Number of protein chains: 4
Amino acid sequence: MRAVTYQGVRRVSVEEVPKPVLQSSTDAIVRVTLSAVCGSDLHVFHGRIRGMEPGDIVGHEYVGTVEQLGDDVKVMTPGSRVLGSFFTACGHCWACRRGFFTQCIHSQLFGFGSRFGNLSGAQAQWVRVPYADQTLRTLPDSITDEQGILIEDILSTAYFATQRANIIAGDTVAVIGAGPVGLLAIQTAYVFGASLVFALDLVPQRLEQAQQIGAQPVLVNGKEVAAIHDLTDGRGADVVIEAVGSGASLDLASRVARPFATVSAAGVFTESSLPLPMGRVFAKDLTLRSGMANVLSAFEPVMALVKNGRLKPEMVISHRMPLEASEEAYRIFDRREAMKIILLAE
Amino acid sequence: MRAVTYQGVRRVSVEEVPKPVLQSSTDAIVRVTLSAVCGSDLHVFHGRIRGMEPGDIVGHEYVGTVEQLGDDVKVMTPGSRVLGSFFTACGHCWACRRGFFTQCIHSQLFGFGSRFGNLSGAQAQWVRVPYADQTLRTLPDSITDEQGILIEDILSTAYFATQRANIIAGDTVAVIGAGPVGLLAIQTAYVFGASLVFALDLVPQRLEQAQQIGAQPVLVNGKEVAAIHDLTDGRGADVVIEAVGSGASLDLASRVARPFATVSAAGVFTESSLPLPMGRVFAKDLTLRSGMANVLSAFEPVMALVKNGRLKPEMVISHRMPLEASEEAYRIFDRREAMKIILLAE
Amino acid sequence: MRAVTYQGVRRVSVEEVPKPVLQSSTDAIVRVTLSAVCGSDLHVFHGRIRGMEPGDIVGHEYVGTVEQLGDDVKVMTPGSRVLGSFFTACGHCWACRRGFFTQCIHSQLFGFGSRFGNLSGAQAQWVRVPYADQTLRTLPDSITDEQGILIEDILSTAYFATQRANIIAGDTVAVIGAGPVGLLAIQTAYVFGASLVFALDLVPQRLEQAQQIGAQPVLVNGKEVAAIHDLTDGRGADVVIEAVGSGASLDLASRVARPFATVSAAGVFTESSLPLPMGRVFAKDLTLRSGMANVLSAFEPVMALVKNGRLKPEMVISHRMPLEASEEAYRIFDRREAMKIILLAE
Amino acid sequence: MRAVTYQGVRRVSVEEVPKPVLQSSTDAIVRVTLSAVCGSDLHVFHGRIRGMEPGDIVGHEYVGTVEQLGDDVKVMTPGSRVLGSFFTACGHCWACRRGFFTQCIHSQLFGFGSRFGNLSGAQAQWVRVPYADQTLRTLPDSITDEQGILIEDILSTAYFATQRANIIAGDTVAVIGAGPVGLLAIQTAYVFGASLVFALDLVPQRLEQAQQIGAQPVLVNGKEVAAIHDLTDGRGADVVIEAVGSGASLDLASRVARPFATVSAAGVFTESSLPLPMGRVFAKDLTLRSGMANVLSAFEPVMALVKNGRLKPEMVISHRMPLEASEEAYRIFDRREAMKIILLAE
């Protein structure tokens, strides 16, 4: 089959590789319809993921059709349209029993190499999915493939971070970063009850897109903290959702937050140490939450919201390209010329 | 001044009465711009409120302009546009300190006679408001008088009941009753994150109005429980908001609720005893909440939501009439020919 | 094997019956060490459970040793000491995924006849346990069999009702009824942070036992509401746990509760309709919760609390009798001459 | 009157200063019975608080008797025994209305100089207390002065941090640091439902004291993370309370926390920037909370718990000294030779 493979720093290529086969009675083989390039794939692309070897298949966002199932898979049947989580979960360990699926003691990540469970990626024609009953969800007809692939990771990431932000209906919400996750967090913040969402970004074009979906744009130009205070009677935003994943962004989050706010980070942090403004966190009685998005716990509500038209994630898709054009896809995504790229398996 | 007065069972009349004066240093005298007739005024109209004497002024929904203030009022000034709660709160007792304003140990209700604190009603040209700093809120220019009078009671009642319903974003919500509070509860349920709201009512016309604001209509015709189960994969609604105030309505709520649901009642219950399906509440692990709406805790978020266009309460207003036409207003409201009647002070 | 069987209204007898065998790959056969008589067994004894036929084995509280396992059971091995839930849960349906195990769509109750899943009871030498990985839990050495059998149902019932009561550390808690569940609810209320627990009962001897574990006794003699108000600066108890299961008890709960309190019922309600004081529930802004105890969600924390000595459930055991003496056990339990009876399998 | 005054880096002296007088109608003059030296007073002692000038009175922990009251103080009378918060709160601003008293827009700190509101300290014979109705609480006879002065700051600080840690009854809790706040956090963790509390400290003597109140001691010697994992089946502690106030302590907290834990910091952080392990916070889905302790919201429950014997804070008092010996008191406290020092006004 054809698959996107890692070939070294800033190099991927589409190669012919063996089609995956069932390895366990709880596995599924999924024929991939769409895959997508995610910001976290750039960590691989930049060579920052130890254990990722040349030739390894990349990618973790996918929708498709079940082709083959192990004997112990019960919830789905061959032919089922499915979306899948970017990580696997066993469903039986203490973490899974409590619903902490990202922390499953048997968890593997798709396309992140040997240090994350050595599971082949999903930017390919087929993908093997362990613990299929837990890792996959059947897609209803009323949800399109493109909606499904966004539900599968970044929309559920936005939902997860927003849920952890503890919005009380009527609150103002500041979203730091108007990239794909940030735009979807604007949508989820409104669904959770925001009266007004402020979008903060350095790039005016991103703010335009944020404004189109109802956010109040605030350009990050050195006056953004004053701007938020002016817009909130001097208090700061009731809730902050960080959607960048940097220390500077967390620092800004702590500045625009009102006292006793929650700052919920949707961004990915890989630094073992990062300077943070603890004096301000203390003085303002803040709560800071970060985490790998527990998308498996979000799939059901997010699918209900998309199905009923309350979330419209497709708006973040900027490019649709064939799988064979993946090298070009990674290049333009790395140059930040694309918001979100969908790869068509054929 | 002119005021609507209770004159006996099913009789009100507009009379000339003395204009109120300040009685305490924390009082305000408010010149009423708009008042409104509320479903709970019908309890007075029907003669069911003991302690309500002929000649007593009725009404508890009002917006207006501050005319005079006691020396200890700090938050507002003469000329301030204000809305007010239907009950007063001292701000200092143990209940107020915990935010349980409806349970203030000094609480009085406007227009419910001597058993509820003997405070004159607000369907009048002027009204005296005790504990003005707590009981009144300044209206921003961006909120109209008509929005204000709905915020003041029934929209905040809907918000309070919805907040107590513990919606998780993505939940389905059944609203029992599509009267004015029910219609506003449909709006607040969406603001709190409902993926889909079911409106249940006996009257097709009310369901049409519910449908116009996005609810899925379900006629109460003996098949409504089956209908809800069909719409929810056999589970029942994740959350139920009761907006009628009867035993039959609570019984229906317990039937359409999924297991482990919360049934939050926005309706008014005055019966000392009511038959309830405790066996079903037990077997389904339900939570039942009821209460006098703590609107003072809801004013700030509700005003933010109205100001930003997320709640549009005006749609429930069916009639605008002069204060002098109040006799007619009560008659048509009692015959259920009006959804919501606003009374113009002049 | 020997087992306690239902023989008609107020008649049980110990009979020789076939030993159970594995019926599914997820079953376990457990050799019962201890079983116990529960208040809800009296519903069977009194002939009030439709579908319970003469000859059916009764009982649902048990600890024992795993003797045989179906091929798909993973968590335990033959020889494991186990306690089990009084109901089964599949672990895969929508209810189980959300942790609503009592509402599992495949749930069966042990010893309640054909209307509750037709599953043989546990007052026997062996019992077949469906979905063993979900329904059973391995007992650590540090927990005795007698602790285990109390954890298995009534202590976890007390924990579940207390958890749903939303105690804030420092609250006063009133427990209505000082029977076995009530006594354990006094313990769990302290574990959840009560500053002081009031025990209400009609029987002075039960109040003595309550007092020995730190409760303030309040005799139900017509002056109990005034007594609670005197003890709480006139407010009422911050939280109420009902541990009787009657309409009178819920009525008393609503009287001793302070405004905005939660009344959490641990008792069993089987009545299709019961008169409740809705006017008071409304006027006091109360929350009422009832439900079949979701003990499967409570086993882990309750075992941790027993293991570390924070809960001491053994104090409720009044009688230890051989299984062969079950007829006598039911008689004295039905006459309320026993607090809690443990049956020794041999 | 006599008062402890700041005289420069590492120098305090007891001086004769003017007795304070009422400045506002909401002030109280309190005759101080006991004051105490707090860890945060060492920030002053070390000269790290800008705006603290030689001659300024230090100290913020106090109990006493009301001597004189402004006309608008309603809740107390001259002669009332009172404890007071270390900060003042107006009760009327948006922050106070939401219960965020530490963030009152008019807040002043006692004894921290001009940058924190320029309010004289409480290590003196008398202290002026602004907004007395909010800032002070009447002490019941059943609470001693020594209990009161611990309730007033460090016990309520422990309660506040523990409440924000979201313990579920049965959880294991790790407390980092067994100083006075840490020891009290062990007590509050048990009150909130911990099944077992681990105390971590570098100093064996402190761990002995922790063990005496029921904690499992864990020496911080490089093996503490492994020790916690051994004690928790490899998971880590369900909840972590940090009671030191350093970056190293937060780092350790993140290591001993299980995935999806809350780390609630009771310590004081003044650093504008501190290196934190964000990669681990992300990978483990942690929540981090820090803040100036909102003791005013904790006084009522904490007093109820002390009154009923569920919290016994006196055990942290190591020294009782006359106010005149304050120079010596600061010296030994700074050398960490004292756990908690009480100063007797006469």
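Computed from a prediction, not measured in an experiment: that's the story for all the values here. We name chains A, B, ... by the order of the sequence lines, and we start the count at 1 in each one.
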Within a strict 4.5 Å, meaning less than it, do heavy atoms of the B:Arg98 and C:Phe260 side chains meet?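 Side-chain contact under 4.5 Å: no.
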Compare all side-chain heavy atoms of B:Asp285 with those of C:Thr102 and state whether any distance is below 4.5 angstrom. yes
Structural part of C:Val263 lying under 4.5 Å from a heavy atom of chain B: neither
Measure distances from C:Asn294 to the heavy atoms of chain B and classify the residue's part below 4.5 Å as side chain, backbone, both or neither. side chain
Is [X] in contact with chain C via its backbone, its side chain, both, or neither, using a 4.5 Å heavy-atom distance?
X: B:Ile105; answer: neither
X: B:Ser273; answer: both
X: B:Leu288; answer: both

Do you know which two heavy atoms are closest between B:Gln103 and C:Ala283, and how far apart they sit? NE2-O, 2.8 Å
With chain B as the partner, which of C:Arg280, C:Arg258, C:Arg235, C:Arg289 has the greatest number of non-hydrogen pairs under 4.5 Å?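 Greatest number of close heavy-atom pairs with chain B: C:Arg235.
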For the candidates B:Gly279, B:Ala265, B:Pro277, which exhibits the highest count of non-hydrogen atom pairs separated by less than 4.5 Å from chain C? B:Gly279
Find the distance between CD (B:Glu271) and CZ (C:Phe282) and round it off to the nearest 0.5 Å. 10.5 Å
Ordered numerically, the heavy-atom neighbours of chain B under 4.5 Å found in residues 85-96 of chain C are C:Trp94
